[in-house]
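Step one of this worksheet: look at the structure below.
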Amino acid sequence: MPKSSIALIGFMGVGKTTIGTLLVKKLGGEYQFIEMDQLIEQMAGKSIPEIFSQNGEDSFRKLEIKVCQKVSTFKKFVISCGGGSVLNKINVENLKKSCIFILLETSIETIVNRILKEGIQIRPVIDKEDPINDIKNLYHLRNPLYRSVADIIIDAENKDKSIIVDEIIEKLKLDN
Ligand code: S3P
């Protein structure tokens, strides 16, 4: 693989963190896993909902830019990217220096179910008054943008996690 890291991108709830963790395991210690949101929380010393409520979304997005710059210098990492990170051109430019972009896609229904199950309070970008419609609108707005920057697109709907991981590994081999 010419680029040394793997960026998992896509909408909230598609499984970037779950699949990223399993992918690293399957790759057998060759790669390390990192979650962008965790780095942002460490940098801010508070949770993402707290950053949004106390400092505002702009402040969160600035931290996100810093974290993208930082992880783009890492080698041999699988990075779970926050759902909004690759909507910013600066972040795409930074991450593309070292990462191959893998988009995970599921249906909107799956995303809605997962987000509601996990609790909308941990997803500050979603409108609490009408979460289902908000998720649908955001998905339609964002998914074409994810597709436009993706190197590889994986259909992650209704598939066993291990099958998704195997597909990623297979496509990485084929594409490089
Ligand atoms: C966001 C997605 C979240 C997190 C933040 C904003 C977004 O990450 O970065 O709440 O704008 O889509 P996940 O995609 O990991 O949930």
Side-chain angles (χ1 to χ4, degrees), residues 3 5-24 31-74 77-106 108 110-128 131 134-154 156 164 168:
K3 290 188 180 178
S5 290
I6 297 163
L8 293 176
I9 66 164
F11 204 82
M12 292 164 271
V14 292
K16 290 163 291 188
T17 299
T18 308
I19 297 300
T21 311
L22 293 172
L23 179 61
V24 162
Y31 287 79
Q32 282 176 269
F33 177 74
I34 204 155
E35 198 188 351
M36 219 180 244
D37 286 344
Q38 247 183 25
L39 282 184
I40 294 174
E41 291 185 329
Q42 274 169 21
M43 219 177 239
K46 51 181 113 171
S47 71
I48 287 175
E50 282 168 345
I51 303 171
F52 271 76
S53 65
Q54 295 170 14
N55 311 90
E57 181 167 355
D58 276 3
S59 167
F60 171 80
R61 297 297 171 200
K62 280 184 187 144
L63 289 170
E64 197 171 52
I65 292 173
K66 280 194 186 153
V67 163
C68 283
Q69 274 167 346
K70 192 176 164 137
V71 298
S72 69
T73 64
F74 294 178
F77 270 76
V78 172
I79 304 159
S80 172
C81 297
S85 57
V86 296
L87 304 172
N88 185 336
K89 236 178 117 186
I90 304 168
N91 294 339
V92 173
E93 274 168 20
N94 277 322
L95 292 168
K96 281 269 175 182
K97 288 179 198 157
S98 59
C99 300
I100 184 147
F101 279 27
I102 301 187
L103 169 62
L104 299 182
E105 280 188 335
T106 66
I108 301 180
T110 296
I111 289 170
V112 166
N113 289 337
R114 284 186 189 157
I115 291 180
L116 295 185
K117 200 170 152 204
E118 288 167 10
I120 47 168
Q121 68 283 356
I122 61 162
R123 315 273 189 185
V125 285
I126 292 168
D127 178 10
K128 307 289 174 284
D134 198 43
I135 291 168
K136 284 182 184 164
N137 292 337
L138 260 184
Y139 181 92
H140 288 305
L141 216 85
R142 287 177 167 194
N143 214 53
L145 299 170
Y146 296 139
R147 285 190 151 238
S148 72
V149 296
D151 297 301
I152 293 170
I153 300 175
I154 301 283
I164 298 171
I168 292 175

Within a strict 4.5 Å, meaning less than it, do heavy atoms of the Ile51 and Leu63 side chains meet? yes
Residue pair Leu87 / Arg61, side-chain heavy-atom distance below 4.5 Å: no
Verdict with supporting geometry, Val78 and Ile34, side-chain contact (heavy atoms from CB on, under 4.5 Å): CA-CA 6 Å; Val78 172; Ile34 204 155; over 6 Å; no
For the pair Tyr139 and Ile111, evaluate side-chain contact (heavy atoms from CB on, under 4.5 Å) and give the outcome as yes or no after the intermediate values. CA-CA 9 Å; Tyr139 181 92; Ile111 289 170; 3.5 Å; yes
Nearest-0.5 Å distance, CD1 of residue Ile79 to CD of residue Gln32: 11.0 Å
Minimum heavy-atom separation for Gly10 to Leu103, with atom names? CA-CD1, 3.6 Å
Assess, by modelled atom type and distance only, whether the side chains of Ser80 and Thr17 contain a donor and an acceptor separated by less than 3.5 Å. yes
Going by side-chain contact (heavy atoms from CB on, under 4.5 Å), name the residues that satisfy it together with Gln42, two or more places apart in sequence or in a different chain. Leu39
So how far is it from Ile48 CD1 to Ser53 OG, rounded to the nearest 0.5 Å? 12.0 Å
Under the side-chain contact (heavy atoms from CB on, under 4.5 Å) rule, what do Glu64 and Ile40 come out as? Steps first, then yes or no, please. CA-CA 7 Å; Glu64 197 171 52; Ile40 294 174; 4.0 Å; yes
Between Asp151 and Phe101, is there a donor-acceptor pair closer than 3.5 Å when you use the side chain of the first and the backbone of the second? yes
Contact check, side chains of Asp37 and Phe60, non-hydrogen atoms, under 4.5 Å: yes
Partner residues of Ile122 under the side-chain contact (heavy atoms from CB on, under 4.5 Å) criterion, sequence neighbours left out: Glu118
Separation between CD1 of Ile6 and CD1 of Ile19, rounded to the nearest 0.5 Å: 13.0 Å
For Pro124 and Pro49, work out which heavy atoms get closest and say how close. CG-CA, 4.1 Å
Without swapping roles, check the side chain of Thr110 against the backbone of Thr106 for a donor-acceptor pair under 3.5 Å. no
Has Lys96 got a side-chain atom pairing as donor or acceptor with Val149's backbone, closer than 3.5 angstrom? yes
Value rounded to 0.5 Å, distance of CD1 in Ile102 from CD1 in Ile152: 4.5 Å
Name the orientation class of the two ring planes belonging to Tyr146 and Phe11 (parallel below 30°, tilted from 30 to 60°, perpendicular beyond 60°). perpendicular
Atom CE in Met12, atom CD1 in Ile115: separation rounded to 0.5 Å? 5.0 Å
Is it true that Lys97 and Glu93 have a side-chain N and a carboxylate O under 4.0 angstrom from each other? no
Do Asn143 and Glu105 have side-chain atoms, one donor and one acceptor, less than 3.5 Å apart? yes
Main-chain N/O of Glu41 paired with Lys46 side-chain donor or acceptor, under 3.5 Å: no
Under 3.5 Å, side chain of Ser72 to main-chain N/O of Leu95, donor-acceptor pair present? no
Residues two or more places apart in sequence or in another chain: which of them pass side-chain hydrogen bond (donor to acceptor under 3.5 Å, both in side chains) with Gln38? none
Lys89 NZ to Leu145 CG distance, which is reported to the nearest 0.5 Å: 12.5 Å
Side chain Ser85, main chain Cys81, donor-acceptor under 3.5 Å: no
Does the distance from a Lys or Arg side-chain N to an Asp or Glu carboxylate O, for Lys128 and Asp134, drop under 4.0 Å? no
